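Only a predicted model underlies this, so the values are computations on that prediction, with no experimental measurement involved. Note on naming: letters A, B, ... go to the chains in the order of the sequence lines (proteins, then strands), and numbering restarts at 1 for each one.
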Amino acid sequence: MRYRDVVAATAAIGALARAGRHRDAVSLFSRVLADGVPRPNEFTFGTVLRSATALRDPRAGAQLHACAAKFGLRSDVFVGSALVDHYAKMGAMREAQGALGDTREPNVVSYTALIAGFLKNGMPEKALGLFRCMPEKNVVSWNAMIGGCSQAGLSEEAVGLFREMCREGVWPNEFAFPCVLTSVANTGALGVARSVHASAIKHLGKLDVYIGNSLVICYARCGSLEDSVLVFASMEQKNVVSWNALICGYAQNGRGEEALAAHKRMIATGLKANNVTLLGLLFGCNHAGLVDEGYSLFKTAQREQPDTLKPEHYACVVDLFSRAKRFDEAKRFLEDLPFEPGLGFWKSMIGGCLIHWNKDLAESVAKRIHALDPEDTSSYILLSNVYFSVGNWESASMIRRHIKEKGLKRITGCSWIDVQDKAHVFVNGDSRHPQSDEIYKVLEVCLDNDEDEHCLAV
DNA sequence: ATAGGGTTAG
């Protein structure tokens with residue numbers, strides 16, 4: 001069938017795209033093009049390019065780009081933004097920049113698409129540079145910056161940008177809050193969480209399910225399970241993500257029993273658990289020592305929805321057994337894995353050996369790890385800690401020397417506490433804090449009261 | 001008839 005005019009043809013392509021039938025949309029475009037009638041215009045290209053992007057098909061994108069150029073539409077702003085967005089989402093940032101350069105009158109959309117691309121492809125400085133000098137900003141450009149920083153793990157930047165946006169008088173919409181709340185969750189600042197929550201109510205009135213979910217996880221990560229549960233209870237709409245957020249919150253805070261209970265309630269509402277649910281449950285069981293419950297959940301999932309199982313779930317089971325000193329079961333489980341265990345699996349085992357002072361097993365597992373990766377520092381450290389724990393100082397310091405000699409780099413873990421919305425970060429043996437002396441005095445008092453605890457030198 | 005931004009684990 002032929003289309004009466006270009007409007008009808010474009011509408012037909014657009015309808016396919018809206019129905020998610022992107023492959024058909026691209027085919028229809030090719031047919032229209034082959035017929036030669038009607039002649040596609042800038043709207044047609046914009047529409048079909050979106051489908052090529054949704055398909056993540058760089059070949060189709062490049063062909064459409066060339067074709068648009070042939071039709072003299074390359075410098076149109078609609079075609080241009082669609083091209084920038086396409087290339088940015090394919091990770092081809094040079095081409096994306098080129099497409100913006102070819103656009104005669106680039107607008108907010110063109111710039112925003114490029115900024116989002118820079119952030120997604122690990123170039124936050126370029127994104128920020130462009131954002132600072134773009135001719136015009138709107139709430140979407142702000143959201144792209146906030147969301148992109150949040151995804152890139154630049155939590156402080158994301159929160160800062162959110163504040164700046166509000167200061168500039170830009171009214172945040174519902175898209176901004178999930179991003180900024182994720183970032184707040186990563187910094188763990190409860191006071192900030194509360195103020196962003198208040199800001200959401202002030203700006204939006206009603207909170208949608210995305211924001212509710214983000215609040216549940218944010219409060220849990222900031223250490224306030226009370227607020228987390230309160231938000232969850234107040235949500236009108238709940239989906240799998242909401243339940244997962246609740247379950248994971250319980251799990252992170254060591255409340256395995258409550259996580260299991262929440263899972264039962266979730267099933268009762270007719271929702272099906274997915275891979276994240278299972279991971280949260282296993283994690284919760286892990287930290288509450290609910291070994292049999294956790295393993296039985298795993299086996300049920302293996303039976304009923306084997307497609308949801310990923311290596312991470314198997315790793316949790318290894319952790320579950322080895323933390324509980326059930327090394328034989330852990331070993332048997334490892335041998336029966338349906339895939340090659342990665343380093344993480346063996347590290348899990350050493351972790352268990354450290355808790356239970358199992359030197360012999362730690363040695364044999366360390367051998368396996370170093371066969372896979374001789375540069376793996378964390379397993380050396382874990383092994384030397386096992387030696388420390390059983391009082392074998394010589395072997396322990398030998399390993400430390402070995403690490404130094406090989407020049408292996410180790411990633412230092414850190415912890416922090418939040419005092420009046422300011423995070424104070426510490427690493428082991430740190431003395432850089434301005435109140436360091438006082439802090440250590442208080443610490444000594446605490447440690448004196450607690451002499452039975454084993455203090456592991458890492 | 002067309003465009004850019006959102007939530008869950010480690």
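- Relative to the side chain of Val108(A), the nucleotides dA3(B), dG6(B), dG4(B) differ in distance, and dG4(B) lies closest.
- Candidate nucleotides dG4(B), dA1(B), dG10(B) were compared by shortest atom distance to the side chain of Val140(A), and dG4(B) ranks first.
- In this structure, CG of Asp319(A) is placed 12 Å from P of dG10(B), rounded to the nearest angstrom.
- Between dA3(B) and Arg50(A), a contact under 4.0 Å exists linking OP1 or OP2 to a side-chain N or O.
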Run the numbers on Tyr314(A) and Phe298(A) for ring-ring contact (aromatic ring centres under 6.0 Å, His included), then give the verdict.
CA-CA 8 Å; Tyr314(A) 290 87; Phe298(A) 176 85; 5.2 Å; yes
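- If you check dT8(B), dA1(B), dG4(B) against the side chain of Val276(A), the one that comes closest is dT8(B).
- Among the heavy atoms of the strands lying under 4.0 Å from Asn138(A) is at least one base atom, whether or not backbone atoms are also near.
- With hydrogens and angles ignored, no donor-acceptor pair under 3.5 angstrom links the side chain of Asn143(A) to the base of dG6(B).
- Here dA3(B) presents its P atom at 9 Å from CZ of Arg18(A), a figure rounded to the nearest Å.
- Note on residues 242-271 of chain A: pairs passing side-chain hydrogen bond (donor to acceptor under 3.5 Å, both in side chains), not counting sequence neighbours, are Asn213(A)-Ser242(A), Asn239(A)-Ser242(A), Asn244(A)-Asn274(A), Asn244(A)-Thr277(A), Arg255(A)-Glu258(A).
- If you check dA9(B), dG6(B), dG5(B) against the side chain of Glu174(A), the one that comes closest is dG6(B).
- With rounding to whole Å, Asn253(A) atom CG is found 10 Å from dG10(B) atom P.
- Shown here is Arg23(A), whose CZ atom has no more than 12 heavy atoms of other residues, nucleotides or ligands within 6.0 Å.
- Straight-line distance from the CG atom of Leu114(A) to the P atom of dA3(B): 19 Å, rounded to whole Å.
- Looking at heavy-atom distances under 4.0 Å, Thr182(A) makes contact with sugar-phosphate atoms alone, never a base.
- For the pair Arg221(A) CZ and dT8(B) P, the interatomic distance rounds to 9 Å; values are reported in whole Å.
- By the ring-ring contact (aromatic ring centres under 6.0 Å, His included) test, His65(A) pairs with Tyr87(A), sequence neighbours left out.
- Closest to the Asn41(A) side chain, of the nucleotides dG10(B), dA1(B), dG6(B), is dA1(B).
- Where stacking is scored as ring centres under 5.5 Å apart with planes under 30°, Phe175(A) registers as stacked on the base of dG5(B).
- Checked against dT7(B), dA1(B), dG4(B), the side chain of Tyr210(A) finds its nearest nucleotide in dT7(B).
- With dG5(B), dA9(B), dT7(B) as the choices, the nucleotide that has an atom nearest any side-chain atom of Ala116(A) turns out to be dG5(B).
- Look at CG on Asp208(A): it is 12 Å from P on dT7(B), rounded to the nearest Å.
- Regarding contacts with the backbone of dT2(B), every side-chain N or O of Ser81(A) stays at 4.0 angstrom or more from both OP1 and OP2.
- Between Phe345(A) and Phe339(A), the distance separating the two ring centers is shorter than 6.0 angstrom.
- Atom CZ of Arg368(A) has 12 or fewer heavy atoms from other residues, nucleotides or ligands within 6.0 Å.
- Remark: the Asn244(A) side chain and the dA9(B) base include no donor-acceptor N/O pair separated by less than 3.5 Å.
- Distance from the side chain of Asn213(A) is smallest to dT7(B) among dT7(B), dG5(B), dA9(B).
- Residue contacts for Phe283(A): at a heavy-atom cut-off of 4.0 Å it reaches the sugar-phosphate backbone alone, with no base atom in range.
- Ring pair Trp142(A)/Phe131(A): centre-to-centre distance below 6.0 Å.
- Contacts of Asn275(A) with the nucleic acid, taken as non-hydrogen atoms under 4.0 Å apart, are absent.
- Between the CD1 atom of Ile146(A) and the P atom of dG4(B) there is a distance of 19 Å, given to the nearest Å.
- Across all strands, Ile115(A) comes closer than 4.0 Å to no nucleic acid atom at all (heavy-atom distances).
- Residue Lys89(A) is in sugar-phosphate contact alone, with no base atom involved, counting any heavy-atom pair closer than 4.0 Å across all strands shown.
- With rounding to whole Å, Met134(A) atom CE is found 12 Å from dG5(B) atom C1'.
- In the set dA9(B), dA3(B), dG5(B), dA3(B) carries the atom at the smallest distance from any side-chain atom of Val109(A).
- Contact check, Gln151(A) against dT7(B): a side-chain N or O comes under 4.0 Å of OP1 or OP2.
- Counting any heavy atom pair closer than 4.0 Å across all strands shown, Leu279(A) reaches a base atom.
- In this structure, of dT7(B), dA3(B), dA9(B), it is dA9(B) that holds the atom nearest to the side chain of Glu312(A).
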